[in-house]
Amino acid sequence: MTISAEKTKYELTGQEKRFIGWHILVAVIALFVGSLFGPLQAFEFSGWDLYQYLAPALKSYYQGLTLHGVLNALVWTTFFIVGFTNLTTIKGLRRPLSHPMLNKIGFWTMLVGLVTTAVPLLAGTATVLYTFYPPLEASWAFYLGLTLVVVGSWIEGYGFFLTYRGWRKDNPGIRSPFIAFAGVMNMAMWQIATLGVAAEILSMLLPWSLGMIDATDPELARTYFWFTGHPLVYFWLLPAYISWYGMLPKQAGGKLFSDSLARLAFWLFLLVSVPVGFHHQFVDPGIATGWKWIHAGLTYAVFFPSMLTAFTVIASLEYAGRKRGGTGLIGWIRALPWKDPSVSAQLLAGILFMFGGIGGLVNASYNINTVIHNTTWVPGHFHLTVATAVTLSFIGISYWLVPHITGKKLYKPSWAVVQTWVWFVGMIIFSNAMHVLGLLGAPRRTPLGEAPYVPEEWSGHLLRVSIGGGILFVAVIMYVWIMLRTATGKKADPEDVPEIPIAESLRDPQLTPEWLDSFKPWLIGAVILIVVAYGPQLLEQIANIQLNAPGIGPP
Ligand code: HEM
Ligand SMILES: [Cu+2]
């Protein structure tokens, strides 16, 4: 018998909905505030300097850029993901959290951490950009706050692991439901991945900013940072994949094409997410070329689960499109429910992600990387990935999730569809211009409007960055407005409130081999790979630690 066919239906309780809602609320506020700086940066590129009017509240371009990166890339994502993982765990396993108190403590720890980080950020004493590379030095409160956000996410993670373990005990031999499995796996990957920043902050940055040590070792700090920094992008992306694999097919009227392939892809991401961090350090002098090559090679290995994903998700959507009467080579694409804002958001996110992936292959290539390293190509790339594939997917998810947890109807669904297209168009203009500028050598993290060296050939592209950025800002405002009006609207008839979409697998998931549903071998494999790919280099850098760089303030 298939167990995916609702054996026991589990509806989220009011308390569970509220708890998830708190995460989403913090996430959306972070996205809103963080995105206020996006157009400021984009306008600055064509010489329209709004910062002069914002002083002294905002001290510099860099303070704004730090707020933008931290709030958008770190806070919006983390809060949304942890909230969403509550939902996938509870709904997927069809049972409440086993230790809800633990998750509450985790959430509050994250929130206290966020406030602790926000104070120095707003005061201008943590203008170190979201990568906080030393010797740029922030107030200790910034590092402490970030630590608390991570620790809080760990604690919520323990809540998910214990719930999963309880389910496993009660259901021996049964394949775990895909969305629950995948969410828990992502949190497990996160626990391993964040050991890098934990080591960096606790052993170096916090004692340094507290004055217990005078100077720091920027190279070791970077190595620790990127141990976390690369898997961080998979921590962001995998929840979007959970929706693409496990929910979107249902919304489109189809089924998950292959439960086995979906799980295999997730396990491969667990294996190769961490041991690739040196691909961010290709130009760092302290790491031997051989190790950089190994990490470059392992990065190419990520291509394989990415292709599995492209294949499985597109096959699931094609199945849905044909069931809806779509025919021909591309007729099935048109037959998909584009009028559903949640679907259009995720389809458009997926389309832009393909270009993000292609650009990513350039970034990953040791020699070609030198062409685009530290140019505007890089933010051009990650506005397609984290700021679109992930963000636009989360926006799409929230178009059913927020109505579901508030018991309201989505405010103006047709506007929501327009919102997704505005984002799509704005991002095409913005990110294309950023990529081209990068190839022409324009540096990132630079208020280019003030730079004396800007050649004439950049000017059209700089203008396109501003135009695209302005359009994107409209899309953000539309999204936040729709969320606000939805959450503050009237309670709807329960029948008009969307259900949580869970895609059935085309084949009984019980036929998925057991080795694809067991954590142990994959976790062991992941740790071995990390030890092999990181161990020798990390030990060497720790053994030769050079605490000789004194802190410097922001420019
Ligand atoms: C209103 C929409 C947005 C606009 C117009 C925008 C614009 C920009 C621009 C122009 C830069 C480059 C600044 C520079 O290198 O000097 C930038 C950097 C960045 N953006 Fe956005 N962005 C937007 C939304 C987002 C979103 C949604 C995310 C993530 C979820 C994001 C994450 C980042 C990050 C991480 C950086 C790099 C910061 C750094 O270099 O330290 N942005 N953005
Ligand atoms: Cu990376």
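Remember, it's 1-based here, ligands and their atoms both numbered in the order they're listed. Since this is a predicted model, take the numbers as computed values, not measurements.
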## Note on the structure
min-distance N/O/S atom, His279 vs the Cu ion (ligand 2), resolves to NE2

#### Entry: Centroid-centroid under 6.0 Å between Tyr534 and His295 rings
yes

Extract all N/O-N/O pairs under 3.5 Å that connect ligand 1 to the protein, and present each with both atom names and the distance rounded to 0.1 Å.
from, atom 1, to, atom 2, distance (Å)
ligand 1, 15 (O), Arg445, N, 2.7
ligand 1, 16 (O), Tyr61, OH, 2.6
ligand 1, 16 (O), Arg445, N, 3.2
ligand 1, 16 (O), Thr446, N, 3.3
ligand 1, 20 (N), His68, NE2, 2.8
ligand 1, 20 (N), His383, NE2, 2.8
ligand 1, 22 (N), His68, NE2, 2.9
ligand 1, 22 (N), His383, NE2, 2.8
ligand 1, 40 (O), Arg444, NH2, 2.9
ligand 1, 40 (O), Arg445, NE, 2.7
ligand 1, 41 (O), Arg445, NE, 3.1
ligand 1, 41 (O), Arg445, NH2, 2.8
ligand 1, 42 (N), His68, NE2, 2.8
ligand 1, 42 (N), His383, NE2, 2.9
ligand 1, 43 (N), Gln41, NE2, 3.3
ligand 1, 43 (N), His68, NE2, 2.9
ligand 1, 43 (N), His383, NE2, 2.8

### Aromatic ring proximity, centroids under 6.0 angstrom, Trp291 and Phe278
no

### Task
Compute both the distance and the angle, then confirm whether Arg445 meets the cation-pi test with Tyr62: under 6.0 Å from the six-membered ring centre, within 45 degrees of the axis.
no

### Query
Given the side-chain rings of His373 and Phe282, with only the six-membered ring counted for Trp, is the space between their centroids under 6.0 Å?
no

## Note on the structure
Smallest heavy-atom separation, Thr388 atom then Leu384 atom, equals CB-O, 3.4 Å

### Summary
Taking the Cu ion (ligand 2) as the apex, ND1 on His230 and NE2 on His280 give an angle, to 10°, of 140°

### Task
Indicate whether any N or O donor in one side chain lies under 3.5 Å from an N or O acceptor in the other, for Glu156 and Asn86.
yes

### Query
Is it true that atom OH of Tyr53 has more than 12 heavy atoms of other residues, nucleotides or ligands lying nearer than 6.0 Å?
no

